[in-house]
Amino acid sequence: MPSQPNEIDQRIWQVVALIPRGKVATYGDVAAQAGLPGAARRVGRALKGLPTDTRIPWHRVVNAAGRISLPGGAGRQRERLEAEGVEFHDSGRINLKRFRHRPSGADHH
DNA sequence: GCGGTGACTCTCG
DNA sequence: CCGAGAGCCACCG
């Protein structure tokens, strides 16, 4: 099997698990929260290693442009997000100003 | 050890 | 707004 989950992956998953329903976070955000600033790609790899039946809300992680990066599964991820109330712009872009999850920052809006 | 690759991101034009 | 280029880190053959 492909690389067993290490402590780093566990921490990344934990951060993702804390993203509230109806909100999203970028790969960079998750990396920073997990104590790995600049390791966005590491996050993508960690999510790829999640089991199919996981309860981790992996679909709440999108790229910095507010778009879905998941290859071949964009439709599935988008459906899940829309089911939670996350709205998509024209060609599948999310308004991060509105739906981005800020862990340590109070709403200023 | 090297080069290719990817669920990334930023800068430039 | 979009694409190209570069920086990035870890995995793989």
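Quantities reported herein were computed from a predicted structural model and do not represent experimental measurements. Proteins come first, then strands; the chains are lettered A, B, ... in the order of their sequence lines, and each starts at number 1.
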From [atom1] of [X] over to [atom2] of [N], roughly how many Å is that when rounded to an integer?
X: A:Ile68; N: B:dT9; atom1: CD1; atom2: P; answer: 14 Å
X: A:Ile8; N: C:dC11; atom1: CD1; atom2: P; answer: 11 Å
X: A:Ile12; N: C:dA10; atom1: CD1; atom2: P; answer: 10 Å
X: A:Arg93; N: C:dC1; atom1: CZ; atom2: C1'; answer: 9 Å
X: A:Leu47; N: C:dC11; atom1: CG; atom2: C1'; answer: 16 Å
X: A:Asn6; N: C:dC9; atom1: CG; atom2: C1'; answer: 13 Å
X: A:Tyr27; N: B:dG6; atom1: OH; atom2: P; answer: 14 Å

Quiz item: Within 45 degrees of the axis of the six-membered ring of A:Phe88 and under 6.0 Å from its centre: does A:Arg78 put its NZ or CZ there?
Solution: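 Pair A:Arg78/A:Phe88 counts as cation-pi.
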Exercise. Enumerate the residues from residues 53-63 of chain A whose closest heavy atom to DNA chain B is under 4.0 Å, giving them by residue number; use none for an empty result.
Key: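 A:Trp58, A:Asn63 - these, ordered by number, are the residues of the stretch whose heavy atoms sit under 4.0 Å from the strand.
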Look at the side chain of [X] and decide which nucleotide, out of [options], has an atom nearest to it.
X: A:Arg45; options: C:dC11, C:dC8, B:dA7; answer: C:dC11
X: A:Lys48; options: B:dT9, C:dC9, B:dA7; answer: B:dA7
X: A:Ala64; options: B:dC10, B:dA7, B:dC8; answer: B:dC10
X: A:Arg41; options: B:dT9, C:dC8, B:dA7; answer: C:dC8

Quiz item: Going from NZ on A:Lys23 to NE2 on A:His101, what distance comes out if it is rounded to the nearest 0.5 angstrom?
Solution: 8.5 Å
Determine the contact category for [X]: base if any of its heavy atoms lies under 4.0 Å from a base atom, sugar-phosphate if only primed atoms, P, OP1 or OP2 are that close, otherwise nothing.
X: A:Gly38; value: nothing
X: A:Ala39; value: nothing
X: A:Arg42; value: sugar-phosphate

Has [X] got a side-chain atom pairing as donor or acceptor with [Y]'s backbone, closer than 3.5 angstrom?
X: A:Trp13; Y: A:Ile8; answer: no
X: A:Arg93; Y: A:Arg67; answer: no
X: A:Arg100; Y: A:Ala25; answer: no

Quiz prompt | Given A:Glu7, A:Gln33, A:Arg42, A:Arg45, the one that forms side chain to side chain contact (heavy atoms under 4.5 Å, CB included) with A:Ile12 | solution = A:Arg42
Report each atom pair, protein N/O against N/O of nucleotides 11-13 of chain B, whose distance is under 3.5 angstrom.
none

Quiz item: For A:Arg98, which residues count as a side chain to side chain donor-acceptor pair (under 3.5 Å) partner, sequence neighbours excluded?
Solution: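 In terms of side chain to side chain donor-acceptor pair (under 3.5 Å), with neighbours along the sequence ignored, A:Arg98 is linked to A:Glu87.
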Quiz item: Is A:Arg102 salt-bridged to A:Asp29, going by a charged N under 4.0 Å from an acidic O?
Solution: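 Salt bridge between A:Arg102 and A:Asp29, a charged N being under 4.0 Å from a carboxylate O: no.
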Exercise. Flag the pair A:Arg80 and A:Glu84 as a salt bridge only when some basic side-chain nitrogen lies within less than 4.0 angstrom of an acidic carboxylate oxygen.
Key: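 Salt bridge between A:Arg80 and A:Glu84, a charged N being under 4.0 Å from a carboxylate O: no.
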